[in-house]
Amino acid sequence: MEWDLPLIWAAVIGFAVVMYVILDGFDLGIGILFPFAREERERDQMMNTVAPFWDGNETWLVLGGGGLWVAFPQAYAIIMPAFYLPVILMLLGLIFRGVAFEFRWVAVTSRGWWNLAFAAGSTLAAFCQGVILGGLIEGIRVENGAFAGGSFDWLTPFAVACGLGVIAGYALLGATWLVMKTEGSVAARGRAQAKWLILAVLGFMAIVSLWTPLASERIAQRWFSTPNILFLWPVPLVTALTAFLAWRWLEAGRDIPPFLAAIALFLLGYAGLVISVFPYLVPPSLTIWDTAAAPESQAFVLIGTIPLVPLIIGYIVFVYWLFRGKLREGEGYH
Amino acid sequence: MDLDPVLLARLQFAFTVSFHIIFPGFTIGLSAYIATVLVLWRLTGRAHYNRLARFWTKIFAVSFAMGVVSGIVLSYQFGTNWSRFSVVTGNVIGPAIAYEVLTAFFLEATFLGVLLFGWNRVPPWLHVTAAVAVAVGTLISAFWILSANSWMHTPAGHEMRDGIAYPVDWFAIIFNPSFPYRLAHMANAAYLTTSFVVLAVGARYLLAGRHHAEARTMLRMGVGFAAIAAPLQLVIGDLHGLNTLAHQPIKVAAMEAHWDGSKPADFHIFAWPDEEAGTNRFAISVPRGASLVLTHDPNGLFPGLASVPPQERPPVKTVFFAFRIMLAIGFAMIAASLYGVWLWWRGRLFETRWFLRLAARGWWTGFVAIIAGWVVTESGRQPWVAHGILRTADAISPVAAASVATTLALFVVGYGIVFAMGIYYINRLIHRGPTGEAVEAPQRGTPTRPVSAAHDSGREAIERG
């Protein structure tokens, strides 16, 4: 039996990226919404809802980056230099927001600075992730299997729009998370913010959906040629329906469904991007098969991945279950 | 201005990895310490073990956060700054990194949540299990990353095709020749570093007349463990050195500033290696000392630096002096820990104030030794990034020097702030000390809502008082 290892690995990394975007998405979203909290106790409450989880959430980013190196070293070696500045700015953003989780509780006079570090770091990381995504969709200049562009090739209006879109998307995940995990003023504000953010996310999704097929013949072909369009036309429709349901659930005072709907919106947007880009890993020149590691390397790690990823998901579910339920005002883990 | 992109990329990596290594160097040992005192608490039921665990867990949380965020940077820097290295070695050492994430990072990160926030929320057995899981996770992480790192020093189990390394034998790749020594040396270094920090904190409290029960336990545990680990480190280091001599003789020649391989080597207590002239100045030496240590024969010979052209040599001064710093600290640690145990045996450990003052100020020794050791081994590997396979100069990314310089400056400023504040906050936590009541096992029907450990213990104290 012949296994298509690059395809399996693309699925594994795709899965890691989805997990990262959803899980770190909501805790980065908390950071993005941080400046809108009015009082320090509200910020305490917001941060406490994600404190036991953020570390594990961020580990998916390491799996995504490490996995890309292991499975597609050629793509890793092109993408990272191509997005050199946004990648490093993202990392610096993550550093400041990450240490803010711990420093903020020990700080006395400099608490305000760590609030700022948490908010600015989260926003910067989200923006950079969107920029990298946008730049990747637009394509990378490659010569002789190496990045051949300039330091600021990634800086385009489309990439900036994607950056803002990801900020809005993570903020939506964060706002609906707060609706689910808190009560009182924090939850109420999250509910109000979530509605605006649904509109913003839909707006950015529309921009990306219209822009990409207009800019790329290949992407237009993928969506609008027959028979593809027969299978693909429900994607935007389901997206609109999900957004509508999320809005209704927010209005109806439901706590958990809006968060699930926000996740669904992300999954749909992600599916749309995969449809547009697959099988390219470094558009427009290199596919997952062009950039794959040696089959024996892919196979060696896959043997461990098959049992370990379900095990990891098992204990992650266990920890989320352990810290389930709403966090009331004034309660904390610290 | 003409910037050398290779030098900038090296400076950036050296800076970020040196910053990072401090935290695993501490958290590997500290997680094991926390797990140990929690197990002791469960076994003996003595409250001060619980207070110690809670106290060190707070410090662990701050250190671990710094370790995590500075570690994420490294997993991306292979690509951003060393893309050619990523392509050439990715097939072979990439899997070690993937297994590190899969077997260690998720385990640590997930159970850290239980360890930090589970005091009043989970049954004690589960909490202790989480502490052990975190400690084991940090060690598994060291296993994989040091395997990958060792392969860069002593590649094995691969074949080269078109300039790219391909795996042939996974066992030989993972357990490459220098790996067992490096793992033992680093893991022991981490435990030793932590025991000196624990010792320092215990001594600080005793000098200040605070937290007597905790301070005495910390002193005994710190001194006792260090008295085993410090001499052991000398033995492991010696074996590691012999292994290096077999596989990277020029690195050893640089460590000893040994130029002429046709003569037995002296051990230089001090010297100023003159790389231009190929000789040492101002040398104070033990005649034939290095030959005795490395070949176990005063007349033994081993290759000198002069046996290869200058461009094949590592930066001699860097390797030579870093090695001496590591050795000096190592011997000081052996002396201090053995003397401490002697004082303990004589029953004077808690009263000998000069020793306590020395111990309280010696918290940093392990960290400096670890960084010095890394400088020895990594600078000593030059001019290769993967020994015999890829030169450092050929490993970099096609990135503009200005970009590397800019981000280097951002890293220096950013890490400077984070590091300074981190040290300051850890010091503040130490100053506050292990306070509050020990926590009893939660009653039947664990509360389902999250409750603040500190709040609860405060409430308990009020109710009792």
Side-chain angles (χ1 to χ4, degrees), chain A residues 48 51-53 55-56 58-59 61-63 65-67 69-70 73-74 76-81 84-85 87-88 91-92 94-96 98-99 101-103 106-107 146-148 150-151 293-294 296-297 300-301 304-305 308-309 312 315-316 319 322-328 331-334, chain B residues 61-62 65-66 68-73 75-76 78-80 83-84 86-87 90-92 94-95 97-103 105-106 109-114 116-118 121-122 166-167 170 397-400 402-403 407 410-411 414 418 421-422 425 428-429 448-454:
Chain A
N48 276 330
F53 312 119
D55 207 334
E58 222 153 76
T59 307
L61 182 67
V62 188
L63 184 62
W69 182 21
V70 178
Q74 196 76 46
Y76 177 77
I78 294 168
I79 293 170
M80 295 302 155
Y84 188 82
L85 292 173
V87 165
I88 289 185
L91 295 170
L92 284 164
L94 290 176
I95 287 170
F96 275 93
V99 296
F101 272 103
E102 299 301 333
F103 286 7
V106 195
F147 171 58
S151 303
E296 50 270 45
S297 300
F300 177 63
V301 184
T305 305
L308 285 168
V309 168
I312 288 164
Y315 58 67
I316 288 175
V319 168
L322 208 58
F323 295 102
R324 69 195 175 278
K326 284 198 184 265
L327 184 86
R328 277 180 203 86
E331 288 177 342
Y333 301 105
H334 272 263
Chain B
V62 175
M66 289 197 275
V68 167
V69 292
S70 59
I72 296 175
V73 171
S75 72
Y76 281 81
F78 295 121
T80 53
S83 63
R84 195 60 210 148
S86 307
V87 172
N91 288 327
V92 177
I97 309 289
Y99 273 113
E100 183 182 16
V101 182
L102 290 169
T103 59
F105 287 168
F106 278 109
T110 311
F111 283 98
L112 180 72
V114 182
L116 296 186
F117 305 110
R121 228 181 141 82
V122 301
Y166 287 85
W170 286 111
S397 296
V399 174
S403 294
T407 53
L410 287 173
F411 274 122
V418 168
M421 294 311 286
Y425 290 140
R428 176 177 285 170
L429 285 171
T448 51
R449 60 199 173 79
V451 276
S452 151

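Note on naming: letters A, B, ... go to the chains in the order of the sequence lines (proteins, then strands), and numbering restarts at 1 for each one.
Heavy atoms closer than 4.5 Å to chain B are found in the side chain of A:L92, but not in its backbone. Contacts between A:A148 and chain B at a heavy-atom distance below 4.5 Å are absent for every atom of the residue. Using a 4.5 Å cut-off between heavy atoms, B:V73 touches chain A through backbone and side chain atoms alike. Only the side chain of A:V319 comes within contact range of chain B, judged by heavy atoms closer than 4.5 Å. Interface remark: A:I312 contributes side-chain atoms only to the contact with chain B (heavy atom separation under 4.5 Å). For a residue to count as touching a neighbouring chain, one of its non-hydrogen atoms must lie under 4.5 Å from one of that chain's; by this rule A:L63 touches chain B with backbone and side chain alike. Only the side chain of B:I97 has a heavy atom closer than 4.5 Å to any heavy atom of chain A. At a 4.5 Å heavy-atom cutoff, the contact between B:L410 and chain A is made by backbone and side-chain atoms alike. Only the side chain of B:F111 comes within contact range of chain A, with heavy atoms under 4.5 Å apart. Both the backbone and the side chain of B:V62 have a heavy atom closer than 4.5 Å to some heavy atom of chain A. Proximity to chain B is limited to the side chain of A:I88, based on heavy atoms less than 4.5 angstrom apart.
The CG atom of A:L85 sits 4.5 Å away from atom OG of B:S403, with the distance rounded to the nearest 0.5 Å. Atoms CZ and CH2, from B:F78 and A:W69 in turn, are 5.0 Å apart once rounded to the nearest 0.5 Å. If you take CE on B:M421 and CZ on B:R428, they are separated by 7.5 Å, rounding to the nearest 0.5 Å. How far CD1 of A:I79 is from OH of B:Y76: 10.5 Å, rounded to the nearest 0.5 Å. Between atom CG of residue A:L61 and atom CZ of residue B:F105 there is a gap of 11.5 Å, rounded to the nearest 0.5 Å. B:T407 OG1 to A:L91 CG: the interatomic distance, rounded to the nearest 0.5 Å, is 10.5 Å.
For the residue pair B:V69 and A:L94, the shortest heavy atom distance occurs at CG1-O, 3.7 Å. Residues A:E58 and B:I72 approach most closely at OE1-CD1, 3.5 Å, considering heavy atoms.
Counting heavy-atom pairs closer than 4.5 Å to chain A, the top residue among B:P167, B:G71, B:A65 is B:P167. Taking B:V101, B:T80, B:V87 one by one and counting their heavy-atom pairs under 4.5 Å with chain A, the maximum is reached by B:T80. Per-residue heavy-atom pair counts under 4.5 Å with chain B were compared for A:A293, A:A294, A:G65, A:G150, and the maximum is reached by A:A294. Chain B forms the most heavy-atom pairs under 4.5 Å with one residue out of A:F147, A:Y315, A:F96, and that residue is A:Y315. The residue among A:A77, A:P81, A:G98 with the most heavy atom pairs within less than 4.5 Å of chain B is A:P81. Looking only at heavy-atom pairs under 4.5 Å with chain A, the residue among B:G79, B:G94, B:A402 that has the most is B:G79.
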Would you please test B:Y99 and A:L308 for side chain to side chain contact (heavy atoms under 4.5 Å, CB included) and show each step? CA-CA 9 Å; B:Y99 273 113; A:L308 285 168; 4.1 Å; yes

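Note: B:F117 and A:F323 have perpendicular aromatic rings, judged against thresholds of 30 and 60 degrees for the angle between ring planes.
With 3.5 Å as the limit, one finds no donor-acceptor pair spanning the side chains of A:Y84 and B:S397.
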